[in-house]
Every structure is written in C-alpha cells, then in structure tokens.
Amino acid sequence: QQQVKQSPQSLIVQKGGISIINCAYENTAFDYFPWYQQFPGKGPALLIAIRPDVSEKKEGRFTISFNKSAKQFSLHIMDSQPGDSATYFCASSQGGSEKLVFGKGTKLTVNP
Amino acid sequence: NAGVTQTPKFRILKIGQSMTLQCTQDMNHNYMYWYRQDPGMGLKLIYYSVGAGITDKGEVPNGYNVSRSTTEDFPLRLELAAPSQTSVYFCASQRLREAGELFFGEGSRLTVL
C-alpha cells in the first residue's frame with residue numbers, strides 16, 4: 001500500500017502565527033496533491049490542491065509548497081486564526097480518486 | 001441543495017448484528033465512496049462506485065458490502081458486526097474521476113459492543 005506520511009500529528013500555534021504541516025509520498029507517479037480540512041463532527045472538505053507542474057499554490061492565507069525531487073509537499077497557514085483549528089489531511093493520487101491515499105491527519109489548535 | 005446525506009448519525013450495535021448505513025447525494029455525481037476514519041489513522045477507502053450498478057473494493061472491504069441501484073444512493077451494509085468495525089464512516093461523492101473534489105457527508109459514528 002502506497003503511503004503518505006504526514007507530520008506533525010498535532011500542532012499548537014498562537015493566533016497570528018504560521019502553521020506548517022508536512023507530507024511525504026513514495027509513489028513518483030502521484031500527480032494530484034489535495035489538502036482536506038475537517039472540523040469536529042463534520043466531514044472533510046477540500047481546502048486546496050496542487051499538481052506537480054507548479055511548485056507553489058496560494059489561496060488566501062493557505063499555501064501549498066511542492067518539492068517534486070524530495071517527494072514532499074506542505075501546507076502553510078499564514079496569520080493563523082482560532083477558526084482554523086481543525087484536523088488537516090494531506091492526500092495523494094495517481095489518476096482517479098479511487099486511488100486517493102490519505103495521510104493520518106494533523107490536529108491544529110490555534111490559541112487566541 | 002443538501003449535498004451528501006448520511007443516516008444514521010450514531011448507532012450502537014451488538015456483536016453479530018447487521019445494519020445498513022445509508023448515503024444519498026443530490027448532485028448527480030457518478031462517483032461515490034465509503035471511507036472509515038479511525039483516530040490517528042486517516043481515512044481508509046472501503047468501497048467505491050463509478051456509477052449505478054458498478055461497485056469495487058477499496059483498501060479495507062472485509063466485513064462490508066455495498067450496492068448501487070441508483071445514481072443517488074450508495075448504502076453500506078455491515079454483516080455480523082465486530083468490535084473492529086467501531087469507527088466513523090464517511091460517504092463521499094465526486095463529479096469527475098480525475099482527481100476532482102470529493103464532497104463528504106457528515107459521517108455516521110458506529111460503536112460495536
């Protein structure tokens with residue numbers, strides 16, 4: 001089973017700080033790298049995604065950085081807010097989403 | 001527009017009992033998925049369907065069955081429930097196969113005692 005290794009397992013950040021979550025994948029054929037955000041009691045929801053033809057994608061305060069040679073990608077949350085407190089999952093796939101492999105998740109807590 | 005709706009939200013089963021988790025979507029998506037989420041383990045794919053009448057196994061299909069008689073509905077059947085099936089189950093749907101956005105339901109929390 002192809003793996004996606006996510007770290008850290010949990011993260012505590014002060015309001016206004018930068019949150020960084022890292023993921024590493026094994027399969028060099030992976031061509032789609034989404035991040036999902038999950039609030040307690042809710043299902044995951046797509047936050048942002050990137051393909052390997054770009055090294056960075058930014059949407060508001062959320063940025064994905066992608067390093068193809070290192071087989072790593074990371075999520076940066078700038079100016080972190082208490083409302084960002086959630087569990088974040090990275091994922092990777094090649095082709096269809098039936099092959100989407102999720103990381104184990106990072107629980108982010110942003111203190112006010 | 002309700003999106004993906006799962007029922008029930010909570011259920012307690014005794015070992016050996018059977019039940020069906022219901023999932024329906026109103027977005028006319030062809031692709032539907034069932035995941036289970038265990039603490040610290042991420043999401044594991046149980047079964048998926050690419051359209052009515054077509055289903056296939058995911059990573060952890062043992063102990064489960066699915067059917068897809070309509071585009072809207074994708075029920076997950078648990079036969080002979082075991083404590084290892086205690087988990088939160090999520091149904092998801094997708095418009096396109098090629099790495100499109102997955103829309104998740106709010107989950108069904110199942111406890112097997």
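A, B, ... follow the sequence lines: proteins, then strands. Residue 1 opens every chain.
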Notebook entry, point to check: Between Pro44(A) and chain B, which part of the residue has a heavy atom less than 4.5 Å away: side chain, backbone, both or neither?
Noted result: both

Notebook entry, point to check: Does a side-chain N-to-carboxylate-O contact under 4.0 Å join Asp84(A) and Arg61(A)?
Noted result: yes

Margin query: Taking every non-hydrogen pair under 4.5 Å, which of Ala91(A), Gly105(A), Gly43(A) racks up the most with chain B?
Written below: Gly43(A)

Next item on the list: Side chain from CB out, backbone as N, CA, C, O: work out which of these in Gln6(A) comes under 4.5 Å of a heavy atom of chain B, or both, or neither.
Entry: neither

Checklist line | Structural part of Gln37(B) lying under 4.5 Å from a heavy atom of chain A | finding: side chain

Margin query: If hydrophobic clusters are built by linking Ile, Leu, Val, Met, Phe, Trp and Tyr wherever their side-chain heavy atoms come under 4.5 Å apart, do Val4(B) and Leu21(B) end up in the same one?
Written below: no

Next item on the list: Sorted by first residue and then second, give each disulfide (SG to SG under 2.5 Å) pair with at least one member in residues 8-57 of chain B; sequence neighbours left out.
Entry: Cys23(B)-Cys91(B)

Next item on the list: Considering only NZ, NE, NH1 and NH2 on the basic side and carboxylate oxygens on the acidic side, decide whether Lys57(A) and Glu59(A) come within less than 4.0 Å.
Entry: yes

